[in-house]
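What you are looking at is a predicted structure, and each value in this text was computed from that prediction instead of being measured. Protein chains get the first letters and strands the later ones, always in sequence-line order, with residue 1 at the start of each.
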Number of protein chains: 2
Amino acid sequence: MDEAAQQTSPAKRARKGAPRPPRRAERGETPASKSEQTRARILDAAAFVFARKGYSDARLSDIARTARMQTGSLYYHFASREELVAEVMRAGVEQVHAAVRARMETIPEGTPEVERLRLLLECHLLTLIDENDYTRAISRLLGQVPPRLQLQHSANGRQFMALWRGLLREGQASGALRADVDMSAIRMLLLGAMSWSIVWFKPENGPAELVARDFARMAVDGLRARPD
Amino acid sequence: MDEAAQQTSPAKRARKGAPRPPRRAERGETPASKSEQTRARILDAAAFVFARKGYSDARLSDIARTARMQTGSLYYHFASREELVAEVMRAGVEQVHAAVRARMETIPEGTPEVERLRLLLECHLLTLIDENDYTRAISRLLGQVPPRLQLQHSANGRQFMALWRGLLREGQASGALRADVDMSAIRMLLLGAMSWSIVWFKPENGPAELVARDFARMAVDGLRARPD
DNA sequence: GTCTATAAACAGATAGAC
DNA sequence: GTCTATCTGTTTATAGAC
């Protein structure tokens, strides 16, 4: 047990620049200490609130209430509002990234490149809009948070960006995708279209699966190299 | 001259629910009264600030400074921060709408439907990212403002939405666009991709024209009805 | 119409009891 | 670890002089 090191609050330790130990939950183990559980409860509450209210309208008091505690108590677990936002965003990216990677595993070997791309786009969009507070929050927060957090976010998402960049570039290299477009811009436009869907998507207007399917199809058909 | 009616401030009159007379600038005439000019200067300043800082970080004091006046003075022209935001958004939609409609006029008769659609998408995206504070502001504000303003915004944009809905539906009806996709979703995804571009687009990474061209091409090629 | 000064409200953050 | 109480800084908005 490293409980001995727990002489002060997690937030205080973080403020001192001490490296954050990997959370047990992140290591795939069952959640452990009470502090750990409470922290998770606060994060869930924050994601819930941010997803619905956006950045500027979300009050720490809202988050505290949702997590069933007093506002001041949050500061035992997080050093500031900003840290809370950053953590929600980090977790959000992580979840989409994980979903897409997991989907990759399930695609049979030998599946044509373009079809692979289509399935992954579909997965990405579905994960975003399919009732996950973290991913909903992240999409809403992205355009709103202060530049510093945006930078931090892109740092978090770099690996993920790299995945998409790789997929698109390989597609071009192999001749499956048309060579005469700027894939950087296309990548951002595709990711943007999906992120933005959080703003307008309502389950009432049709199932997420259909939206995802139509979008992925349009995208890959529009990018597919054509004989003509 | 209706200066006689100007016994009180524009903001006060608006608060009383009096219908706002159409601005001379909107009627295509040259800007007129000093009040009118100042109001325009404030709006420009607000667009400038909102485009760069987003909703929550934009302070009335920033806007006032940009407009070269004191914060308190703003209230002679606008009843509240919210009214200012709403006006910027309204003007922003108006400008994109106007640009796309203007572009429609210049497309030669007999241009194939799909090509028309491509040109208009290009125009829409270009207008958004090509250094216009109002359109930049609007894209950034959309996901951030309180629900009430979002509703008001969609009301403003209804005509514009209708334009795109019409274009896509006609394309489907005539057989130019594939019939087996949900055009409502596609419409939102396309508009979203474009709106989101404000967040990531930087002129350094390549000219806006190229981004617009590649996007429009991907979209229409992905939607085009195909013989196969 | 614009300025200065200030009221009113509030959010984020901290301190100390328990 | 959480609570209560409070401080501090900001911001929107108003009042009244000019």
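Not counting sequence neighbours, B:E209 has no partner by the salt bridge (Lys or Arg N to Asp or Glu O under 4.0 Å) test. Listed by chain and number, the residues in a side chain to side chain contact (heavy atoms under 4.5 Å, CB included) with A:A91 are A:Y134 (sequence neighbours excluded). Remark: A:R101 engages A:E94, A:H97, A:A98, A:L163 in a side chain to side chain contact (heavy atoms under 4.5 Å, CB included) (not counting sequence neighbours).
Annotation: salt bridge (Lys or Arg N to Asp or Glu O under 4.0 Å) contacts involving residues 40-52 of chain B, sequence neighbours excluded, comprise B:R52-B:D133. Within the structure, side chain to side chain donor-acceptor pair (under 3.5 Å) contacts touching residues 152-163 of chain A (residues at least two apart or in different chains) do not occur. Applying the side chain to side chain donor-acceptor pair (under 3.5 Å) test to every pair with at least one member in residues 118-130 of chain A, sequence neighbours left out, gives these pairs: A:E115-A:R118, A:R118-A:E122, A:H124-A:W164. Each salt bridge (Lys or Arg N to Asp or Glu O under 4.0 Å) pair with one or both residues in residues 61-73 of chain B, not counting sequence neighbours, appears once here: B:K53-B:D62, B:D62-B:R65.
Atoms CZ (A:R65) and P (C:dA11) sit 11 Å apart, rounded to a whole Å. Across the protein-nucleic acid pair, A:Y75 atom OH and C:dA13 atom C1' stand 5 Å apart, rounded to whole Å. Protein atom CG of B:L74 is 11 Å distant from nucleotide atom C1' of D:dT12, rounded to whole Å. Rounded to a whole Å, the CZ atom of B:F78 is 15 Å from the P atom of D:dT14. If you measure from atom CD of A:E82 to atom C1' of C:dA11, you get 15 Å, rounded to the nearest angstrom. Look at CD on A:E83: it is 15 Å from P on C:dG12, rounded to the nearest Å.
Ionic pairing of B:R39 and B:E36 is not present here: no N-O contact between side-chain nitrogen and carboxylate oxygen is shorter than 4.0 angstrom.
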Polar pairs (N or O, both sides) under 3.5 Å between protein and nucleotides 2-8 of chain D?
{"residue": "D:dT2", "atom": "OP2", "partner": "A:H77", "partner atom": "NE2", "Å": "2.7"}
{"residue": "D:dC3", "atom": "OP2", "partner": "A:Q70", "partner atom": "N", "Å": "2.7"}
{"residue": "D:dC3", "atom": "OP2", "partner": "A:S73", "partner atom": "OG", "Å": "2.6"}

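Between C:dG12 and A:S80, no contact under 4.0 Å exists linking OP1 or OP2 to a side-chain N or O.
Near DNA chain C, defined here as any heavy-atom distance below 4.0 Å, there are no residues from residues 52-63 of chain B.
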